Q: 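Sharing a structure below in structure tokens format, with a few things to ask.
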Amino acid sequence: MTTTMAQALNAGLRDALKDDDRVLVFGEDVGTLGGVFRVTDGITADFGEDRCFDTPLAESGIVGFAVGMAMGGFRPVVEMQFDAFAYPAFEQITSHVAKLRNRTRGALSLPMVIRIPYAGGIGGVEHHCDSSEVYYTHTPGLRVVTPGTAQDAYDLLRDAIESPDPVVFLEPKARYWSGEEVTFTRSGPAMDKAVVRRTGKDVTLIAYGPMVATALETAEAATAEGWDVEVVDLRSLSPFDDETVTASVRRTGRAVVVHEAAGFGGYGAEVVARVTEQCFHQLHAPVLRVTGLDIPYPAPKLERHMLPDVDRILDTIARLQWADTPVVAGA
Amino acid sequence: MTTTMAQALNAGLRDALKDDDRVLVFGEDVGTLGGVFRVTDGITADFGEDRCFDTPLAESGIVGFAVGMAMGGFRPVVEMQFDAFAYPAFEQITSHVAKLRNRTRGALSLPMVIRIPYAGGIGGVEHHCDSSEVYYTHTPGLRVVTPGTAQDAYDLLRDAIESPDPVVFLEPKARYWSGEEVTFTRSGPAMDKAVVRRTGKDVTLIAYGPMVATALETAEAATAEGWDVEVVDLRSLSPFDDETVTASVRRTGRAVVVHEAAGFGGYGAEVVARVTEQCFHQLHAPVLRVTGLDIPYPAPKLERHMLPDVDRILDTIARLQWADTPVVAGA
Amino acid sequence: MAVETLLPSASPVRFVAEDGTRADQHGDYAEPTKDRLKAAYRLMVLGRRFDVQATALTKQGRLAVYPSSAGQEACQVAAALALQDNDWLFPTYRDSVALVARGLKPGEVLTLLRGDAHCGYNPTETRVAPQCTPLATQTLHAAGLAHAMQRRGEDAVALALIGDGATSEGDFHEALNFAAVFKAPVVFFVQNNRYAISVPFEKQSAAPALAYKGIGYGMRSEQVDGNDAVAVLAVLDDAVKHAREGKGPVLVEAHTYRIDAHTNADDATRYRDADEVAKWREADPLKRLETYLGDALSQHEIELCHAEAEEFAQSVRDTLNADAELDPMSLFDHVYAEPTRQLQRQRAMVRAELEA
Amino acid sequence: MAVETLLPSASPVRFVAEDGTRADQHGDYAEPTKDRLKAAYRLMVLGRRFDVQATALTKQGRLAVYPSSAGQEACQVAAALALQDNDWLFPTYRDSVALVARGLKPGEVLTLLRGDAHCGYNPTETRVAPQCTPLATQTLHAAGLAHAMQRRGEDAVALALIGDGATSEGDFHEALNFAAVFKAPVVFFVQNNRYAISVPFEKQSAAPALAYKGIGYGMRSEQVDGNDAVAVLAVLDDAVKHAREGKGPVLVEAHTYRIDAHTNADDATRYRDADEVAKWREADPLKRLETYLGDALSQHEIELCHAEAEEFAQSVRDTLNADAELDPMSLFDHVYAEPTRQLQRQRAMVRAELEA
Ligand SMILES: Cc1ncc(C[n+]2csc(CCOP(=O)(O)OP(=O)(O)O)c2C)c(N)n1
Ligand SMILES: Cc1ncc(C[n+]2csc(CCOP(=O)(O)OP(=O)(O)O)c2C)c(N)n1
Ligand SMILES: [Mg+2]
Ligand SMILES: [Mg+2]
């Protein structure tokens, strides 16, 4: 039976609520309605308003209140309705969620999860499609994970809820309705491990969240060009799994990082920088990036030009200096 | 006569207020007090409460109010008292300041400047020392500049205030009291240009804001090791001046990026990624980073361990594979 | 300091009872002229027709999404009518009918919801800010703009629309405070339609009414029956006058109801009873005003309004059925005043893709 | 809905006039027992001495910075006394005297301001949250924690301290609203000391008093003379009781004054007159309580308090004059529950530097 990513998340929340009565789910519209994406569908009905409830409409409020709840022994799992609507909570996330353990030298911990549907591809109007990962990955003290598959949605969410550290859990909203066979046994890799989704020997495609599926599609399409593409799904954006990624790049000697967020100062830059530092002499070409454009997210009718797609990724793979005659990119 | 960076900024504000009566200065304590760092010292006394005034204590309020004032034809220059205290304004900055021109297809523009004293090195307690540049540089629609010298403090501030685009103006607070000869004639390079502060042929040190002085010191110290170090001061973090930087790196073949912010997903990653992409075959070694640690900013008594210093930079330069026998960095 | 003058009326201001008869619960507020009420009536008919048309267009896929104003026409039309040409309106995604009432073209209003661009009209020319999605953020812009007008000696007021749910956001608080401290000529007009998507007002606030927030900022405040167009117009006229005269900002809360789901994509049956909706349908602001106007409004005039509305709906359909020309190259135009080098490179890439 | 029960008293609650005589401006509030008042007196003497000592230590460079509580001792001591051991206190940087009154050791209290670490005490053991710098953010934590206690059936109340300036922040608004909606057992205690650094209250808010914000959230509220320890204690006792009994949160505003500059680094002469300060020095809360207690407090008892305070000051000096041992390796310990690989590498780097 196929389970969609939204359903897998729902199952993850339910199992967590069952296993640990300190777990609470709250946010805007997550109760009776089941969330605007139905990720919390039926949970209030089945677990009671006590375990899953609506709050007033204020994101800083939700996160700050959750901080207090976590200090008081609960494990809040809160939802920000959309990426850009987590920004009002930025101070609470950056100055408190990320730092409370450190500020109190371990006396207080904040086992809480902030779920954020992010990125585009669903024809959403402005402010509903931001890829906001960098704002969190650059903030020490936060863990940041993002599933690329329904199975990982379940596994990573369970891990995130059990983590002693606060986790920003980024849900690729365009993938909510994509499904696959999911097992609810938690046999997957650890939360902070990347996985090789497809092996290949010519080039490593590094992707996460909404771009994992695109990367896999590209890998299939690349066979027509004679390129054998390996696909790594990062899963954990912070911390970064150097081992899995560099092992792959050392094998292939070439790498491309793909993400939807604007390229400038994007997460891909970190990937390029650390892979280059660690694999410099095994690289046949610079590690390249395929990213969103450096513009505010466009209106629905033009969003396809913003998003990395198979063609753009193939074009970039083609630029990886296969000819063995160094081509110098212009300034 | 030496002018400190704080005085240069004060002069910049005054000259802008004189030249353009649409310019207004406001924020917390910028009026009678002259700001906690005295950057606005005496301005209310000399220009009147009408041009420079205190607001209620609310950063989102200050920025959002400034957006409305700019829509109404003014050119607000607002102060956030410290780096971490700009976070409450994050939504206004990201969803409005950065996007209003784009959202209205040019019908509205927001010529405003958000001044933020940032970074550490002054023995400040928690939340007073964040290097928050990445949160802004990754946001399309914002310009981000940061002076490394008192002269640039004046020049860049004047440029920022005259810019038709909103500018996040990051002031390296540890440098406020450092002085030099300053001319108030605006003969400097354009706001979006990097400058070579010291020429050298062996390695390019790329720095900005608080680390420019440290980079120059390092360059002096490096002569003892026989390294001739070129120092580039970025000035404009967004947009990035590829031309100046890559020209330097192509000459030297080696580069190190230095900043105070946490390394992971830091601004240095972008510098490494784009320099590597553009100069891959001229590089004798991977571009390395010397950055803050990936921890919340420490308490004053331990902050020196957080900050890049001459020794740490020299150690990193030493790792640039001078021996011509490729040393592979471990995972 | 005059505490009493800052509190709202103990119960919502009303000129007209639910059945359309006169209600005397309006203190000192002056009743708007019959001409003004007839103008309001005309725009409410137009607005309702527009709303129905827009909702229909979502079903045909011509609009990406549409948040209906059904049931809130009295509020939205009064908001537009209370303002003069040089005043500014700060609407949310919900307030398309207010924009129509302000005179914007349907194509301009629906550009956002159709997915063509972020804002379809020119805010400087129309003096209407872009419809705002990040909740409550626009209230600060309204306060700042009003203060700017005041400084420039322009005789202009700003009116910010906001929903009940959005009043919970910190920005609303900061906006009220800034406005009060600077005595900015701005009116904050809360349409309390009892829901924030699925969340009922009872879970949003424990206040006796949102209008009671005013006193905490030293701001005049009022509450009004939002389905009584006469009352809303009377209260907003007065609030705008107060602001225009330099007496400071005003907070007005209208008690109304969102008849439709949050947007066409929402399913309101998941969280509220049909009975509740039915009850509020009875409190229809349009019917109420029509009854109240009685003979002042001839059958012929009513028919003219409806005919005009039909014609308007046709123009909405025509506009929406024609695909707007969108140039992908425009993506790079207004990020900065001038495209950066980086954007020039990216533009070249997209152009090459399109030409490939 | 009972609007009157939500409004604060028309003028600040007072038991004691400025000259130390009895003032009958306290409605139904019960006067605290003499024993409690004497306990308050003792802690105010201790707190003031602590404050003077801490300020002196900044001059000797033993403290990085110190925001003085001088003039606010009645508020801070009452805040501590109103709470039981299992209640939680959420203080700001300004509230060191409240921490001392709560029984924390001076070395623990001053760790932050000395620059050794971000928080010198264990919040779980002391039930005192870390002193909070990002303004108003702690009010949300207090609301959330209070709600957590309520859910767990623990008989615990949270009291959040906040300054007048910080009430302008959005988080304060959101905290009041969450607390009221969830009926959380939390008391928000605003010390309105008339300044936010240099900004006087008049530029901060146009409200008749900050306590008038309560009604906008459906929250009980009160205003009190913050330099009258009897009144502050009476009002806070009552507020805490109200919260503890599950009747919901309470907002209390104390009108007081910051006698010293914002911190030792600030120069208050830049923005306020010596006359104003002198006037408020006359309104000294400690002297007022001493006069009021009269014979209930013997000369001997007074001397004992001062002797104890001197001894305490000595212990502060001793603690602060000894350098704390700080291990740079600890920097990497509590970023995450377990250090990441990246942190392990950075730790190794710092260790190597130290060993070099
Ligand atoms: C900051 C922010 N958070 C969340 C949302 C998502 N959202 C859009 S509309 C809405 C409900 C708003 O309710 P209300 O303010 O009552 O206005 P109404 O839709 O009823 O007119 C929510 C939660 C948003 N747009 N902005
Ligand atoms: C979010 C935030 N903005 C700005 C500051 C800087 N700051 C520290 S104290 C202060 C004034 C606070 O005034 P008030 O709330 O009245 O408290 P008081 O210091 O008078 O006790 C300011 C602006 C801060 N700490 N946090
Ligand atoms: Mg609503
Ligand atoms: Mg104060």
Side-chain angles (χ1 to χ4, degrees), chain A residues 27-36 38 41-42 44-45 49 53-62 64 81-82 84-85 87-89 91 122-128 262-264 290-306 309 311-312 315-316 329-331, chain C residues 64-65 93 111-119 130-137 163-172 196-200 203-205 262 265-268 270-272 323-324 326-332 334-335 340-343 345-347 349-350 352-354 356:
Chain A
E28 297 159 8
D29 302 291
V30 299
T32 318
L33 180 65
V36 294
R38 302 293 183 267
D41 193 21
T44 296
E49 269 238 59
F53 53 93
D54 293 326
T55 64
L57 207 174
E59 293 76 12
S60 188
I62 292 167
Q81 204 160 77
F82 285 87
F85 306 145
Y87 300 155
E91 181 186 33
I122 61 156
V125 297
E126 53 170 1
H127 310 295
H128 288 75
F264 192 78
V290 186
T291 70
L293 307 171
D294 289 302
I295 62 174
Y297 200 86
K301 295 248 178 85
L302 292 174
E303 76 176 326
R304 68 182 178 283
H305 302 289
M306 172 83 175
D309 61 7
D311 285 342
R312 220 174 258 176
D315 284 353
T316 306
Chain C
V65 64
Y93 52 90
T111 298
L112 168 73
L113 302 169
R114 182 188 194 178
D116 289 348
H118 300 314
C119 178
Q131 282 183 283
C132 190
T133 301
L135 295 167
T137 54
D164 47 311
T167 66
S168 296
E169 293 279 4
D171 271 10
F172 179 59
I197 306 186
S198 71
V199 180
K203 291 187 184 175
Q204 195 64 247
S205 169
H262 175 68
D266 179 36
D267 173 9
R270 290 176 78 100
Y271 52 80
R272 66 184 186 185
D323 278 316
L326 298 175
D327 178 8
M329 290 305 113
S330 70
L331 286 173
F332 304 94
H334 303 292
V335 183
T340 59
R341 283 285 200 95
Q342 175 108 344
L343 288 177
R345 282 189 292 265
Q346 294 181 358
R347 182 164 59 188
M349 174 188 79
V350 173
E353 286 175 353
L354 291 169

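Chain naming here is simple, since letters A, B, ... match the order of the sequence lines and numbering starts at 1 in each. These figures come from a predicted structure and were not determined experimentally.
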Q: Could you tell me which portion of C/S330 (side chain, backbone, both or neither) has an atom closer than 4.5 angstrom to a non-hydrogen atom of chain A?
A: side chain

Q: Determine the option with the most heavy-atom pairs under 4.5 angstrom with chain A, choosing from C/P134, C/A64, C/A324.
A: C/P134

Q: Between A/H128, A/R312, A/E303, who has the most heavy-atom pairs with chain C when the cutoff is under 4.5 Å?
A: A/R312

Q: I would like to know whether C/Q131 and A/V125 meet side-chain contact (heavy atoms from CB on, under 4.5 Å); could you show each step before the answer?
A: CA-CA 11 Å; C/Q131 282 183 283; A/V125 297; over 6 Å; no

Q: By a 4.5 Å heavy-atom criterion (distance strictly below it), what part of A/E59 contacts chain C: side chain, backbone, both, or neither?
A: both

Q: Given a strict heavy-atom distance threshold of 4.5 Å, which part of C/R114 is in contact with chain A: side chain, backbone, both, or neither?
A: both

Q: Kindly compute the distance separating CG (A/D294) from CD (C/Q342), expressed to the nearest 0.5 Å.
A: 4.5 Å

Q: Quick check: closest heavy atoms across A/A299 and C/H118, and the distance to 0.1 Å?
A: N-CE1, 3.4 Å

Q: Tell me whether C/R270 is salt-bridged to A/D41, with the criterion being a basic N under 4.0 Å from an acidic carboxylate O.
A: yes

Q: Find out whether A/E28 and C/L135 are in side-chain contact, i.e. whether some heavy atom of one side chain is under 4.5 Å from a heavy atom of the other.
A: no

Q: Can you tell me how far the CD1 atom of A/I295 sits from the CZ atom of C/R347, to the nearest 0.5 Å?
A: 11.5 Å

Q: Sort out for me which of C/T137, C/D164, C/L112, C/V199 touches chain A most, counting heavy-atom pairs under 4.5 Å.
A: C/V199

Q: Measuring from A/L33:CG to C/H262:NE2, what's the distance to the nearest 0.5 Å?
A: 10.0 Å

Q: Given that the side chain runs from C-beta out, which part of C/Q204 has a heavy atom under 4.5 Å from chain A: side chain, backbone, both or neither?
A: both

Q: In terms of heavy-atom proximity below 4.5 Å to chain A, should C/A268 be classed as side chain, backbone, both, or neither?
A: neither

Q: Between A/D315 and C/M349, is a side-chain contact (heavy atoms from CB on, under 4.5 Å) present by the stated rule, with each step listed?
A: CA-CA 11 Å; A/D315 284 353; C/M349 174 188 79; over 6 Å; no

Q: In Å, rounded to the nearest 0.5 Å, how long is the span from CE of C/M329 to NE2 of A/H305?
A: 7.5 Å

Q: Specify which of C/L331, C/V335, C/L326, C/T133 makes the most heavy-atom pairs with chain A at under 4.5 Å.
A: C/L331

Q: So do A/T32 and C/K203 actually touch side chain to side chain, heavy atoms under 4.5 Å?
A: yes

Q: Taking all non-hydrogen atoms of both residues into account, name the closest pair between A/L57 and C/G165 and its distance.
A: CB-O, 3.4 Å

Q: Which value, rounded to the nearest 0.5 Å, describes the distance between C/Y271 atom OH and A/D29 atom CG?
A: 8.0 Å

Q: Looking at CD of A/E126 and OH of C/Y93, how far apart are the two atoms once the value is rounded to the nearest 0.5 Å?
A: 13.0 Å

